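For reference, the structure discussed in these notes is given below.
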Amino acid sequence: MTRTRTGAPVRALAVATAALLALAVTGCTEEDQQKAEDIVASATAAVASAAQEKMNEVKDGVKATGDVKAGPTEEDGDRTISEITATNPADKSADYTIMVNFRDGEGNLLDVVVLNIDGVEPGQSKTGTARSNRTLTGSTTAEIGQALRH
């Protein structure tokens, strides 16, 4: 089973994004636009912090960033997705908890999700889909920020 986790920081990011869009649509001063961008940056930081908290909840996890690869990003409705593949080199079945960072073409952090890929058999690979928490525009990439095998 694969799943992404979301929570209150995601809702905060959605509210911040809506505020930015509202200001852009109504025509605003440069100062107002900067304030809106700061709100979005703050909300993105909150999402990243919440994702790190989820990673910290994993007990007895082994660093496994090398076991996990992010595929290219693509649009899926109003979200950006990336297929994540975990390959288990261990001698017993393992679960993976993976932090996936979505970045723009300049490397700026746009969004962060935590994905679980459960029951990867020894020597086998299994995939899951990382789905952004919000609409991302422009060129985006997905990267593995952290991965734990447990």
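Everything numeric in this text was worked out from a predicted model, so none of it was measured.
Expressed to the nearest 0.5 Å, how far OG1 of Thr87 lies from NZ of Lys126 amounts to 12.5 Å. In this structure, CG in Asn116 is found 10.0 Å from CG in Leu148, a value given to the nearest 0.5 Å. Rounding to the nearest 0.5 angstrom, the gap separating the CG atom in Leu109 from the CZ atom in Arg103 is 5.0 Å. To the nearest 0.5 angstrom, Ser82 atom OG is 12.5 Å from Lys69 atom NZ. Atom CG of Asp104 sits about 8.0 Å away from atom OG1 of Thr141, to the nearest 0.5 Å. Note that the CG atom of Asn108 and the CG atom of Asn101 stand 12.5 Å from one another [nearest 0.5 Å].
Heavy atoms of other residues, nucleotides or ligands lying less than 6.0 angstrom from CG of Asp60 number 12 at most. The number of heavy atoms from other shown groups lying within 6.0 Å of CD (Glu143) is above 12.
Under a 3.5 Å cut-off, the side chain of Asp111 and the backbone N or O of Phe102 do not form any donor-acceptor pair. Put simply, the side chain of Arg131 never gets that close to the backbone of Val113: no donor and acceptor are under 3.5 Å apart.
Arg79 has its side chain within reach of Thr135: a pair of non-hydrogen atoms, C-beta onward, lies under 4.5 Å apart. With contacts defined as side-chain heavy-atom distances shorter than 4.5 Å, the pair Ile117/Ile98 qualifies. Within the 4.5 Å cutoff, side-chain heavy atoms of Ile144 are placed close to those of Ile84. Under the 4.5 Å side-chain criterion, counting only non-hydrogen atoms from C-beta, Met55 is in contact with Thr97. Side-chain atoms of Tyr96 and Leu115, non-hydrogen and from C-beta on, never get closer than 4.5 Å to each other. Contact check for Gln52 versus Met99: side-chain heavy atoms found under the 4.5 Å cut-off.
Contact detail for Ala90 and Pro122: the closest heavy-atom pair is O-CB, 3.2 Å. When all heavy atoms of Ala142 and Thr73 are compared, the closest pair comes out as N-CG2, 3.5 Å. The nearest pair of heavy atoms linking Asp67 to Pro89 is OD2-CD, 3.3 Å.
Between Thr85 and the options Thr127, Val120, Val68, a side chain to side chain contact (heavy atoms under 4.5 Å, CB included) holds for only Thr127.
Residues Val58 and Val112 share a hydrophobic cluster, clusters being chains of Ile/Leu/Val/Met/Phe/Trp/Tyr side chains in contact below 4.5 Å.
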Side chain to side chain contact (heavy atoms under 4.5 Å, CB included) between Glu121 and Asn88, intermediate numbers included: CA-CA 7 Å; Glu121 295 300 322; Asn88 182 3; 5.9 Å; no

